[in-house]
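Have a look at the structure below, then the notes.
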Number of protein chains: 2
Amino acid sequence: MDGVKKYPVPTIRRLPLYLRVIREMAEKGRTAVSATDIANALNFDSIKVRKDLAYTQVTGKPRVGYQIQELINGIRAIIGWDRNAPAVLIGAGNLGSALMGFPGFAKRGLNFVAAFDNNPAKVGQEIHGRKVYALTDLERYIEDNHIEVAVLTIPAFAAQEVADRLAKCGIRGIWNFSQLKLKVPAGMVVQNENLVSGLAVFMVRLATGCSEE
Amino acid sequence: MDGVKKYPVPTIRRLPLYLRVIREMAEKGRTAVSATDIANALNFDSIKVRKDLAYTQVTGKPRVGYQIQELINGIRAIIGWDRNAPAVLIGAGNLGSALMGFPGFAKRGLNFVAAFDNNPAKVGQEIHGRKVYALTDLERYIEDNHIEVAVLTIPAFAAQEVADRLAKCGIRGIWNFSQLKLKVPAGMVVQNENLVSGLAVFMVRLATGCSEE
DNA sequence: TAGATTGTTAATCGATTAACAATC
DNA sequence: TAGATTGTTAATCGATTAACAATC
């Protein structure tokens, strides 16, 4: 642990992209990769890649590049994919089912262990191997199983009430897919994943024909 | 039209949030709103809000604020929610179904008209009211119906091939939910929506206990 | 060796925040 | 009027890009 190391958010967002690229190269049998190689694969500036990789503290060799395995370990360590965070899903609708059905999350340290919904038709069923519980069982389950992470895929009108309940039973982080800006106690992490903001950017770029992102 | 007006991406991402807040206020019967009001609702700095709102060219009155209706129109005009972009969905899996089932998109100018999938069990069925076609019918449908927008919710390994086909039949913009960085001809708009990057940021914030976003 | 690539320092660029006069 | 709020200019902050010496 290096105390309060601070990684820039844009860098964090790019690290998974690098990981994918160098994994592909590893599969082709390569053991080293240069920042230029990665940059080319992603249409990035190689200086940016080099600077991002410096955060891993992996050191490369001029004319050779970085050892792929070291880099994979270094990136995984930063973005938390060596951890295992058991998580509950709240709101077993279309989006919630999609998230639970995506095998990539468990591989990346986020492990759905149960789902909650207030639709009686769903309670008791299984979705992608996770049992759906009634929303009334939320606190009991979280406390019994020492869950610290929740993923919120419920409509905006119900989100704040659920967030309040989560804050009271030990949840430390909420990945929030609802459209509502949640009010939570200090120290709690809320990460808003905002598809509607993404759509807005897309529509503006379509209108202006702007092809850079 | 003001020629090549350029809006900062962070501003574009916030505009939908403002829209939601002022709509809620309008529903409560208010007709004017100050930048401070909006900022408080979202935990933003009011200067930032004021500067963002300036892009709408709506002008406010000191001590009063902005007329809500003017602001709604101004924001909608920028983020393209008064347009109607018919779109095809490619990949009718969990995520694709979730996106088609979200009523918010049509209201915001993105209108799914058909889905495509190469799973024969899905072809011919309807998902959230949209018919699912075979992937082989892609070009014919797009050309016959003059579609310009595609939403990609297929696995990475198949994404580039589909993107190549889309580029050849008149698609101008791809909202890309696959994990692959697509190579497309110049002038084509690709908007990557990267859930895995979002997860990375979330995991890092969880690990460091950083509550600001 | 020669030259590609690293690591790092400096310059640029853009977004956020601060300051403040104008105004209703 | 007094004071809250706008609109705008200036200052700060952080990320990207450029430059370049070190090195394998």
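Protein chains get the first letters and strands the later ones, always in sequence-line order, with residue 1 at the start of each.
At least one donor-acceptor pair under 3.5 Å links the side chain of A:N176 to the backbone N or O of A:S178. The main-chain N or O of B:H128 is found under 3.5 Å from a side-chain atom of B:R130 such that the two form a donor-acceptor pair. Checking side-chain atoms of A:S46 against main-chain N and O of A:T36 turns up no donor-acceptor pair under 3.5 Å.
A side-chain N or O of B:D52 and one of B:T11 form a donor-acceptor pair less than 3.5 Å apart. Between A:Q179 and B:R20, the side chains place no donor N or O within less than 3.5 Å of an acceptor N or O (distance only, hydrogens not considered).
Classification of A:E139 and A:R165 as a salt-bridged pair holds, one side-chain N sitting under 4.0 Å from a carboxylate O. A salt bridge links A:D37 with A:R30: the closest approach of a Lys/Arg side-chain nitrogen to an acidic carboxylate oxygen falls below 4.0 angstrom.
The OH atom of A:Y7 sits 18 Å away from the C1' atom of D:dG14 (whole-angstrom rounding). Between the CG atom of A:L53 and the P atom of C:dT8 there is a distance of 13 Å, given to the nearest Å. In this structure, CG of A:L15 is placed 15 Å from C1' of D:dA15, rounded to the nearest angstrom. For the pair A:L71 CG and C:dG7 P, the computed distance is 10 Å after rounding to whole Å.
The phosphate of D:dG7 (OP1 or OP2) has a side-chain N or O of B:Y66 nearer than 4.0 angstrom.
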How does each nucleotide of nucleotides 16-24 of chain D score, in 5' to 3' order, for protein heavy atoms under 4.0 Å: base (B), sugar-phosphate only (S), or none (-)? SBBB---BB

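Residue contacts shown for B:S46 are absent, as no nucleic acid heavy atom lies under 4.0 Å away.
Using cut-offs of 30° and 60° for the angle between ring planes, the A:W175 and B:F202 rings count as parallel.
For DNA chain C, no neighbouring residue in residues 28-38 of chain B is found when judged by any heavy atom under 4.0 Å.
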Each base of DNA chain D marked ( ) or [ ] if paired in-strand (Watson-Crick or G-U under 3.5 Å), | if paired to another strand and . if unpaired gives ..||||||||||||||||||||||

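With respect to B:I90, the side-chain contact (heavy atoms from CB on, under 4.5 Å) criterion is satisfied by exactly one of B:N118, B:L166, B:D117, B:I174: B:L166.
Here B:L42 contributes atom CG and B:K48 contributes atom NZ; the two are 10.0 Å apart, rounded to the nearest 0.5 Å.
Cation-pi check for A:R76 over A:W81 is not met; the charged atom does not lie both under 6.0 angstrom from the ring centroid and within 45 degrees of its normal.
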